[in-house]
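All values reported here derive from a predicted model rather than from experimental measurement.
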Amino acid sequence: MPSHRRTAGLLASIAAVFAAAVPPAAAGDGSDHVVMRFETEKTFVMYNADAGAEASNSDFHVPVFVERDKEGTPARNVRVVVDASGLKGVARLGDNGMCEAQGPVYTCKYGDLQNGDGESYDPLVLLGVDGVKPGDSGTVTYTATADNAAAITGTTRMTVGGPTLSAPGQETAVSALAPGKPAQVTPRLANNTRFPAGQGVALQVNVSQGLTLTPRYSNCFYSGPSPTSAWCTFPTVAAPGAAYRTSAPLPYTVTAPKTLSGEVTYTWSSDPHRPAGHTTRGTGAPLTLLRTAAHRGFDDSHGRVKVTTTVQADYEPLTATVRGRVGDTVSVKLGVRNLGPGRPSGDVGGFEVVPPEGTTVTSIPFTFEDTDGKWACDRPAKPGGAFVCDLNRDVFWPASDGTTSVVFRFRIDRQVPGAKGTIRVRNPFDRTPGNDTAVIPLHASPAPPYRKPAVLVPTALAAVATVTGIALYRRRRYAKV
């Protein structure tokens, strides 16, 4: 056999061997570049030991993402199997209906995940167990598979936390705080459990929009240079039955000039873990904890301080005249005008309308979510009472010019010389009462002749008499013929 034929045969044999060893990839399945990833927590606190069997937590999330690439191929038919058998003795398992459960194993069908997007399921409910201690733990493992991507696995250490640290709930409110003027909050806590906080404690303080914390203490991390949140850690082992307060207050300031009100809240944790976004460290001396008398009455998860400022939202009535003829039904726009400088966002108040004598309000029509309604305001329980319009209702929308109004439909029943209704506005931030009330005048003209009963009846009788007379005349005339 010629040498070139032997060489060709040998190459063909080698190619056949490689072809048999490496199976061909399915055309277009994307398995060479579709990559999934978990974004789960490495450690998860299931519940606090002092809660025992009463604890319940359904916030364990298993998010799956697809790495973004230029092809844009989705991961197809994604399935996640979660094995919670490692929690025996530290948690009981409940089913929240998202995934198929077989004992401690949950199978979740995520479907197709688009390139760059993700999906998250909460596969199980974690229920507490009596007799556990802080630090007791187990593991949960999970595996994600897809038709066109390599399988991925993950593990989370599930721990029993605690103890639960309590705060006083609603504290004394701060009122008449001027913009730019600082105020202070001194957080307090109580450990009313049988467990010590062996890892120390952490404090998180948050202020609402328009308020800003002062970044002061070196053991506190703040959410930026003009922070609305602070997270502070203390090495203090909070003993069972003990209570504490911070050694110094945390200052805050009203920084937005139109802020009407706000709130300062704080919480304590015995499982210190710095939240995301707290990157600015205070430069002053560290804040410490001072022990105080026991506070068995502390049974809230938060401390809260309501803040009201010296800023007001001055409302004045938006009024108009009821004008028309007796018998007419006319439309009149009534409401409020906010003269500022603040704009209420919570309780925005409302207005009340007493119609002028001689009129009847037949409707206050409105449209909400493509549904027409007849009464945007509450009608009075007794005749002569006020219609109450609550601006906190979804049917009211403030306009860009600072007004909020609605159309009243008035029927003019009769002329009443000098008749006037009233409109009165209200909101908790209006401290200028002198312009809160206005009149709603009635200018009623006489009804046209065809509406007047005194005219209609004689006219009708005259018409009947005329027709009767003509008929009698014709009858007599024909009789003579």
Side-chain angles (χ1 to χ4, degrees), residues 172-185 206-214 224-229 251-265 304-322 331-354 364-368 376-378 386-408 420-441:
T172 303
V174 174
S175 59
L177 183 61
K181 182 178 179 180
Q184 301 173 335
V185 59
N206 295 290
V207 295
S208 58
Q209 186 176 4
L211 308 181
T212 302
L213 290 164
T214 303
S226 299
T228 57
S229 179
Y252 60 92
T253 306
V254 178
T255 51
K258 295 183 179 182
T259 299
L260 297 167
S261 63
E263 187 176 48
V264 181
T265 60
R304 300 177 181 84
V305 179
K306 290 183 177 180
V307 179
T308 57
T309 72
T310 55
V311 180
Q312 73 159 337
D314 182 18
Y315 278 6
E316 71 172 6
L318 183 68
T319 188
T321 299
V322 180
S331 297
V332 179
K333 185 180 291 186
L334 302 174
V336 304
R337 177 181 289 107
N338 182 10
L339 302 179
R343 291 187 178 277
S345 58
D347 182 1
V348 297
F351 61 97
E352 300 177 0
V353 171
V354 176
I364 310 173
F366 67 94
T367 299
F368 177 66
C377 306
D378 294 333
F387 291 80
V388 179
C389 302
D390 185 355
L391 297 183
N392 295 287
R393 295 185 62 192
D394 291 332
V395 301
F396 290 99
W397 293 91
S400 58
D401 62 355
T403 63
T404 305
S405 62
V406 68
V407 171
F408 277 65
K420 296 177 182 179
T422 59
I423 175 172
R424 183 186 305 274
V425 299
R426 56 175 174 77
N427 83 72
F429 307 104
D430 187 342
R431 291 182 282 277
T432 308
N435 63 347
D436 288 353
T437 304
V439 299
I440 306 170

Which heavy atom in [X] sits nearest to a heavy atom in [Y], and how many Å separate them?
| X | Y | answer |
| --- | --- | --- |
| Thr310 | Pro179 | OG1-CD, 3.5 Å |
| Thr319 | Val439 | OG1-O, 2.8 Å |
| Ala313 | Asn427 | O-ND2, 3.0 Å |
| Thr403 | Leu318 | CB-CD2, 4.3 Å |
| Thr228 | Leu213 | C-CD1, 3.9 Å |
| Ser229 | Asn206 | OG-OD1, 2.8 Å |

Do Tyr252 and Leu177 come within less than 4.5 Å of each other through their side chains, counting heavy atoms only?
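Side chain of Tyr252 against side chain of Leu177, heavy atoms only: contact under 4.5 Å found.
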Beyond-backbone contact of Phe351 with Val406, side-chain heavy atoms, under 4.5 angstrom
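When only atoms from C-beta onward are counted, Val406 and Phe351 do touch, with a gap below 4.5 Å.
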Nearest 0.5 angstrom please: [X] [atom1] to [Y] [atom2], how far?
| X | Y | atom1 | atom2 | result |
| --- | --- | --- | --- | --- |
| Thr308 | Lys306 | OG1 | NZ | 10.5 Å |
| Arg337 | Tyr315 | CZ | OH | 13.0 Å |
| Glu316 | Asp436 | CD | CG | 9.5 Å |
| Asn338 | Asp401 | CG | CG | 10.5 Å |

Ignoring hydrogens and angles, state whether a donor on the side chain of Thr437 or Arg424 is under 3.5 Å from an acceptor on the partner side chain.
yes
CD (Gln209) with more than 12 external heavy atoms under 6.0 Å:
no
Could you give the side-chain donor-acceptor pairs of residues 254-264 under 3.5 Å, partners two or more places apart or in another chain?
unit_1	atom_1	unit_2	atom_2	d
Thr255	OG1	Gly210	O	3.3
Thr255	OG1	Thr212	OG1	2.9
Thr259	OG1	Ala256	O	3.2

Donor-acceptor contact below 3.5 Å, side chain Glu352 vs main chain Ala386
no
Donor-acceptor pairs under 3.5 Å, side chain of residues 389-400 to any protein atom, not counting sequence neighbours: which ones?
unit_1	atom_1	unit_2	atom_2	d
Asp390	OD1	Asn392	N	3.0
Asp390	OD1	Asn392	ND2	2.9
Asn392	OD1	Val348	N	3.0
Asn392	ND2	Asp347	OD1	3.3
Arg393	NH1	Ala376	O	2.5
Trp397	NE1	Asp394	O	3.0

How far apart are the C-alpha atoms of Asp430 and Gln312, what are their side-chain angles, what is the distance that settles it, and do they pass the side chain to side chain contact (heavy atoms under 4.5 Å, CB included) test?
CA-CA 6 Å; Asp430 187 342; Gln312 73 159 337; 3.7 Å; yes
